[in-house]
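Read through the structure below, which is laid out as structure tokens, and then see the notes.
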Amino acid sequence: MKKLKAGVLGATGMVGQRFVSLLEDHPWFEVAVVAASPRSAGKPYREAVAGRWTVATDVPADIAELTVRNVNEVEAIAGEVDFVCSALDMEKEDIRNLEDAYALRETPVASNNSAHRWTPDVPMLMPEINAGHVAVIEAQRRRLGTRSGFVAVKPNCSIQPYVPAFEALADFGPRSASVCTYQAISGAGKTFQSWPEMEDNIIPFIGGEEEKSSMEPLKIWGEIHNGEIRNASGPAISAQCIRVPVSDGHMAATSVSFERKPSREQVIDSWRNFQGDPKAAGLPSSPKPFLTYFDEEDRPQTRLDRDAGNGMGVTLGRLRDDNVFDYRFIALSHNTVRGAAGGAILMAELLAAEGYLQAK
């Protein structure tokens, strides 16, 4: 199989670095272009990330010597790649305009950014849950006037731990939930070296995060009507989002009520047996298993469990009765892998498997 050529937009930032590292030796994709802001353009990639490379493994040797391109050189970059992965760090309007510019030049965009998440004909994909939403791309192409160009986005990192847990229990009708997320500093693109204020500290505010955590699941669970994704009506989710002194990994303390309360055994069995949409099952980045439940009272733990399934799995634990809701539990996922670059790559794999990414 000839690999599709990928460009990484915003390649020098933390999520862009994750894209680069995760795409090394990918069976379907290869990085052909790395692009960033004009201040990094013209440098070898290894030089552009020197002193700020945040991934535990080294800069991939076959990418290290690539010359960083200016992300604004849309026509030139679009002519060298089959699709782009977007990790742009710009104002939202600028991101929307730039992602649309690539799409209009017949270059599909697999985006980690939030700029297009509420565009009605842009699918926001968690492949194990709403793979069918790729069908809305046809309406988006009609709007854009493109043959192959489009934008697809992955959802926010904060919802990755608990949305799959709810999906696995869909037969019982999740009705309402309260979620408090404890979010790693890498979610802000920071390390402890670059954000010393986070050491021995907790910040009880992350701008816009609580709204995303409450509303984005409803688009994921929505349905396509007349070329648009219409949000589901529920479950209602109340969210609080807190920044904690952890390098990677978002943990969610979750309480949930159901239309038909399952037994504790039914909940755990549903989690352990959940496979998700069959279209996602055979993709290269799909974790096996997707959900892992721990019987131990002190699991999942961030440092021990964030890398489950190569960082693409979700770990769960501490299921117990709640005196306001039906149950409460803990959920954990890796925020820059499953919640960012890895989730976008899994989305790109789904798009390729469904015929939406092709060699030019």
Side-chain angles (χ1 to χ4, degrees), residues 7-23 31 34-41 43 45-57 59 63 68 71 84-96 98-99 109-117 153-161 181-199 201-213 216 241-251 302-303 306-307 311 332-345:
V8 179
L9 311 181
T12 59
M14 184 175 284
V15 174
Q17 292 174 24
R18 278 285 183 190
F19 272 120
V20 167
S21 65
L22 292 172
L23 288 169
V31 176
V34 287
S37 65
R39 66 179 177 274
S40 296
K43 301 176 182 177
Y45 185 69
R46 58 171 172 74
E47 180 181 330
V49 297
R52 57 189 185 116
W53 181 254
T54 59
V55 184
T57 55
V59 179
I63 300 173
V68 178
V71 294
V84 293
C85 299
S86 175
L88 295 167
D89 183 12
M90 305 162 65
E91 294 295 326
K92 284 190 179 182
E93 183 177 358
D94 295 331
I95 293 173
R96 277 194 296 271
L98 194 53
E99 290 182 346
V109 179
S111 179
N112 176 70
N113 292 297
S114 64
H116 263 303
R117 286 184 192 154
V153 299
K154 55 148 287 297
N156 197 52
C157 54
S158 64
I159 75 171
Q160 307 287 331
T181 58
Y182 301 89
Q183 300 187 203
I185 63 174
S186 57
K190 302 288 187 178
T191 64
F192 286 115
Q193 290 72 31
S194 62
W195 202 5
E197 297 87 351
M198 275 307 304
E199 294 189 22
N201 195 23
I202 287 176
I203 298 176
F205 174 73
I206 306 173
E209 205 77 350
E210 292 172 354
E211 293 79 7
K212 295 174 188 176
S213 300
E216 287 189 13
C241 299
I242 299 172
R243 189 73 71 193
V244 296
V246 168
S247 58
D248 293 300
H250 286 357
M251 180 175 284
T302 302
R303 191 161 58 181
R306 61 190 167 201
D307 292 318
L332 172 72
S333 64
H334 197 300
N335 59 296
T336 64
V337 184
R338 162 58 72 168
I345 291 170

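Just so we're clear, the structure is a prediction, and the values are computed from it rather than from any experiment. All values below were derived from every heavy atom in this structure, side-chain atoms included, with hydrogens, water molecules and symmetry-related copies excluded.
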Is there a side-chain contact between [X] and [Y] (heavy atoms, below 4.5 Å)?
X: M14; Y: Q17; answer: no
X: T12; Y: R52; answer: yes
X: M198; Y: I203; answer: yes
X: V246; Y: Y182; answer: no

Within this structure, what is the [atom1]-[atom2] distance for the pair [X] and [Y], rounded to the nearest 0.5 Å?
X: H334; Y: Q160; atom1: NE2; atom2: CD; result: 12.5 Å
X: C241; Y: N156; atom1: SG; atom2: CG; result: 8.0 Å
X: R303; Y: L332; atom1: CZ; atom2: CG; result: 13.0 Å
X: C85; Y: L9; atom1: SG; atom2: CG; result: 8.0 Å
X: R338; Y: H250; atom1: CZ; atom2: NE2; result: 13.5 Å
X: E210; Y: I242; atom1: CD; atom2: CD1; result: 8.5 Å

Of all the heavy-atom pairs spanning [X] and [Y], show the shortest one and how long it is.
X: S86; Y: E99; value: OG-OE2, 2.7 Å
X: T191; Y: I185; value: C-CD1, 3.5 Å
X: T57; Y: S21; value: OG1-CB, 4.4 Å
X: A87; Y: G16; value: CB-N, 3.7 Å

Please determine whether the number of non-hydrogen atoms from other residues, nucleotides or ligands lying under 6.0 Å from atom [atom1] of [X] exceeds 12.
X: R39; atom1: CZ; answer: no
X: E199; atom1: CD; answer: yes
X: D89; atom1: CG; answer: no

T336-R18 side chain donor-acceptor pair, cut-off 3.5 Å
yes
Do we see a donor-acceptor contact under 3.5 Å between the side chains of S186 and N335?
yes
When you measure from the side chain of [X] to the backbone of [Y], do you find a donor-acceptor pair of N or O atoms at a distance under 3.5 Å?
X: S194; Y: K190; result: no
X: Y45; Y: V59; result: no
X: R243; Y: A184; result: yes
X: S111; Y: N113; result: yes

E93/R96 under side chain to side chain contact (heavy atoms under 4.5 Å, CB included): CA gap, chis, key distance, verdict:
CA-CA 5 Å; E93 183 177 358; R96 277 194 296 271; 3.9 Å; yes
Is there a side chain to side chain contact (heavy atoms under 4.5 Å, CB included) between R117 and K154 once you walk through the steps?
CA-CA 8 Å; R117 286 184 192 154; K154 55 148 287 297; 3.9 Å; yes
